[in-house]
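Worksheet: one structure, shown below.
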Amino acid sequence: MITDLAKIRNIGISAHIDSGKTTLTERILFYTNRIHRIAEVRGKDGVGATMDHMELEKERGITITSAATHTEWNQHHVNIIDTPGHVDFTIEVERSLRVLDGAVLILCGVAGVQSQSMTVDRQMKRYKVPRIAFINKLDRSGANPSKVVDGLREKLRHNAVMMQLPIGLENDFAGVVDLITMKAIRFHGDNGEDVVVEEIPADMQGEADVAREEMLDAVSMFSDELMEAILEEKVTDELIHEAVRNGVLALDLTPVYLGSAYKNKGVQPLLDAVTSFLPSPLDVENTGVDLSNDEQSIVIESEPGKPLVCLAFKLEDGRYGQLTYVRIYQGTMARGGNIFNARTKKRHKIGRLVRMHSNEMEEIEEASAGDIVALFGIDCASGDTFTDGSIDVAMSAMHVPDPVISIAIKCTDQKAQANLSKALGRFVREDPTFRSQVDQESGETVISGMGELHLEVYVERMKREYQVVLETGAPQVAYRETISQRADYSYVHKKQTGGSGQYAKIAGYLEPLTDGNEFEFSSAVRGGSVPTEYIPSVEKGFAQMLEKGRLIGFPVIGLKVVLNDGASHSVDSSDMAFQAAARGAFREIYGRAKPIILEPVMKLAVEGPIEFQGAVIKTIMQRRGNVIGTTEDDGFCTIEADVPLSEMFGYATDLRSVTQGKAEFTLEFSKYSPVPGDVKKDLMEKYQDRRQVEDEE
């Protein structure tokens, strides 16, 4: 058990695709003696990097699931989570940042701040995660750290301060100048393990003096003592460290470090910065809600002696059953002890407690506040809070984006149906952005996710891990319906059978919601014309109708229902009668509220050589895209556009074809927008045809 919380660092490694996250993590593990040989992401020997343990990750050379490990550096315990860069697996970044105290934001020394860098930065800001920036790949042709720092300041609005200067660039990149100690650092040995500190090269001394002045000027804003020391010319390394740490913890400063993980340069000074500047659990204020006191907000203290509070942030089906990753915020847990699920109110016994190293594990007896560990055999959902039962609190949940794409799947072998059910049950539990349901009308199994790659990976995993071979239907976009104008309703539900009948009258209006909410119901009934006990029944009836719109059968969003009048019968009125009245009113009024169809619009960012800019823009315009802006830099361009998701299927092939495979793109959900008239007509016709076929069957 780790007792000195000030010596713990829980950090994430996050960046745009292919910026070198996994490569950097591999070097960190090597230099901290956690592994004894370096493997590459796309290793020639097929081994693959330590943190990419899935076969699919090794084959594709990408990170699909976040992987956790633990190592030690400078008497500090460092828990590291390596996260995916692809936006389809954004939940892996969300849940990791939710439980981490600090992060390393990696930027490519050539491409700089890219589209996914902005997404990751937004996620860090959402969870108030302090970060250090690491400009990687300075050995590459076109590397320019100054330009990257400018991007950090202009695009991400960071107060970015260079803590190092590069010694050479591209093929000549040989090391860094540390602006705190004013020494040159070079990396020798087969794998850069020998760190040699020497005097700054004479031809760089002037540049280093200027850069140090700029650095001191920026960081002195976070320490009065340092400001005084600068005036008196008594600056010490300790004063600079204190000022930088103050700025980082306040989220007002981003120290920038330099290197090339692939060429084994600059990683050890970055590790020093992680232990010096990023927060320990004691530096972060975590809050939860007191379920026993009207969900009042309370502070969860990083104190091993207090009652246990921990959050299950990631589930995985391991070799020995469900593996539950937990971040312990308060208290201590031990093997053989009991924990209590705040959501299900169930008690569980801790059979095995392990510390993770990618897909390997080390048995431990106990763990306490500030640590990240894993439990076996605990039945729970991602986002559940566990306590020791003496307190009833819950941690705030993570942000989970809604899926935007669906496909129908069908087992080719009926014997494998049971395995399919197992696979879907597991994946839905592990990944909150992956959904599975059976379409009530067609009887088809439909899976939904964040993008084509997301669903493709799960279909492939079903095949490999569960021996389920699937037929997949055409991708289905998650359309929505809404109304565009106010419409009044007045509806009477009357049904007479033997005995008591059904009677309910309701009146009011529907109107569009403009605040982004999906559904809002309010009652303005006066004088008891609708008895109080039946008002929730009216809301329930309307809510039921929103599950399936009447234009194309997709959910209805952005709707406000106001109930302001009605009538009841002393004998014939009931909960069911008022629900039925609401359903009838909706059917009658929906068409008069001018319903429209909304489609998910994606934020597209294409990066590639400038000579293909015109061809790329043409592919975007052909797909009903709206180009928002283009930036050009050193022969490369970035094109940003809003494009309907329905038009983006197969785009990877088209882009490769027009750019000779030299461009790449990222796609991220942006908003819902009305579809054009011709698309609306086409969607409605297809829906009617499908309904007709289903009715005939």
For a 4.5 angstrom cut-off between non-hydrogen side-chain atoms, does Y329 reach V99? yes
Roughly how far apart are R9 CZ and T275 OG1, rounded to 0.5 Å? 6.5 Å
Determine, step by step, whether R98 and L311 satisfy the side chain to side chain contact (heavy atoms under 4.5 Å, CB included) criterion, reporting the C-alpha distance in whole Å, the side-chain angles of both residues, the deciding distance to 0.1 Å, and the verdict. CA-CA 10 Å; R98 169 64 186 83; L311 179 73; 4.0 Å; yes
Chi angles and distances behind the side chain to side chain contact (heavy atoms under 4.5 Å, CB included) call for M182, D209: CA-CA 8 Å; M182 288 301 277; D209 289 338; 3.4 Å; yes
Say you draw a straight line from CH2 of W73 to CG of L270; how long is it, rounded to the nearest 0.5 Å? 10.0 Å
Closest heavy-atom pair, G151 versus V113, reported as atoms and distance to 0.1 Å, is C-CG2, 3.6 Å
Do L226 and E242 come within less than 4.5 Å of each other through their side chains, counting heavy atoms only? no
Please say whether more than 12 non-hydrogen atoms of neighbouring residues, nucleotides or ligands are located less than 6.0 Å from CD in Q75. no
Should L5 and S280 count as side-chain neighbours, where that means a heavy-atom distance under 4.5 Å? no
So L323 and L315, side chain to side chain contact (heavy atoms under 4.5 Å, CB included) or not? Walk me through it. CA-CA 6 Å; L323 189 62; L315 309 181; over 6 Å; no
More than 12 heavy atoms of other groups within 6.0 Å of K306 NZ: no
Using a 4.5 Å cut-off on heavy atoms from C-beta on, say whether the side chain of Q330 contacts that of I391. yes
Apply side chain to side chain contact (heavy atoms under 4.5 Å, CB included) to R27 and Y262, showing your working. CA-CA 8 Å; R27 269 62 183 179; Y262 184 65; 4.1 Å; yes
Could you check whether atom CZ of R153 has more than 12 heavy atoms from other residues, nucleotides or ligands sitting under 6.0 Å from it? yes
So, Q268 and D272: side-chain donor and acceptor under 3.5 Å apart, yes or no? no
Exactly one of V267, V104, V274 should register a side chain to side chain contact (heavy atoms under 4.5 Å, CB included) with I28. Which one does? V267
Rounding to 0.5 Å, atoms CG (D101) and CG (N79) come to a distance of 9.5 Å
Could you give the distance from CG (L138) to CG (L258), rounded to the nearest 0.5 Å? 5.5 Å
How about CG on D194, more than 12 heavy atoms from neighbouring residues, nucleotides or ligands closer than 6.0 Å, or not? yes
With a distance cut-off below 6.0 Å to the six-membered ring centre and an angular limit of 45° from the axis, does R327 pair with Y325 as a cation-pi contact? no
Verify the neighbour count for atom CE of M221: are there more than 12 heavy atoms of other residues, nucleotides or ligands below 6.0 Å? no
Is a salt bridge present between K603 and E640, judged by a nitrogen-to-oxygen distance below 4.0 Å? no
Any side-chain donor paired with an acceptor under 3.5 Å for H158 and T254? yes
Here the pair of heavy atoms bringing A229 nearest to L239 is CB-CD1, 3.6 Å
Stepwise, does the salt bridge (Lys or Arg N to Asp or Glu O under 4.0 Å) test hold for E199 with K183? CA-CA 5 Å; E199 294 305 314; K183 295 286 185 184; 2.6 Å; yes
Applying ring pair (Phe, Tyr, Trp, His ring centres under 6.0 Å), can you list everything that pairs with F277, at least two apart in sequence or on another chain? H241
Could you give the distance from CZ (R212) to CE (M163), rounded to the nearest 0.5 Å? 9.5 Å
Shortest non-hydrogen contact from N159 to L253? O-CD1, 3.5 Å
So, K147 side chain and V110 main chain: donor-acceptor pair closer than 3.5 Å or not? yes
Residue pairs passing the ring pair (Phe, Tyr, Trp, His ring centres under 6.0 Å) test with at least one member in residues 168-213, sequence neighbours excluded, are none
Once you round to the nearest 0.5 Å, how far does OG of S368 lie from CD of E303? 9.5 Å
Do L353 and L375 touch side chain to side chain, with heavy atoms closer than 4.5 Å? yes
Testing the basics here: between V256 and I135, what is the closest heavy-atom pair and its distance to 0.1 Å? CG1-CD1, 3.5 Å
Electrostatic pair D139-K265, nearest N-O below 4.0 angstrom: no
Within a reach of under 6.0 Å around NZ of K234, are more than 12 heavy atoms found that belong to other residues, nucleotides or ligands? no
Identify whether the distance between the nearest side-chain nitrogen and carboxylate oxygen of R157 and D121 falls below 4.0 Å. no
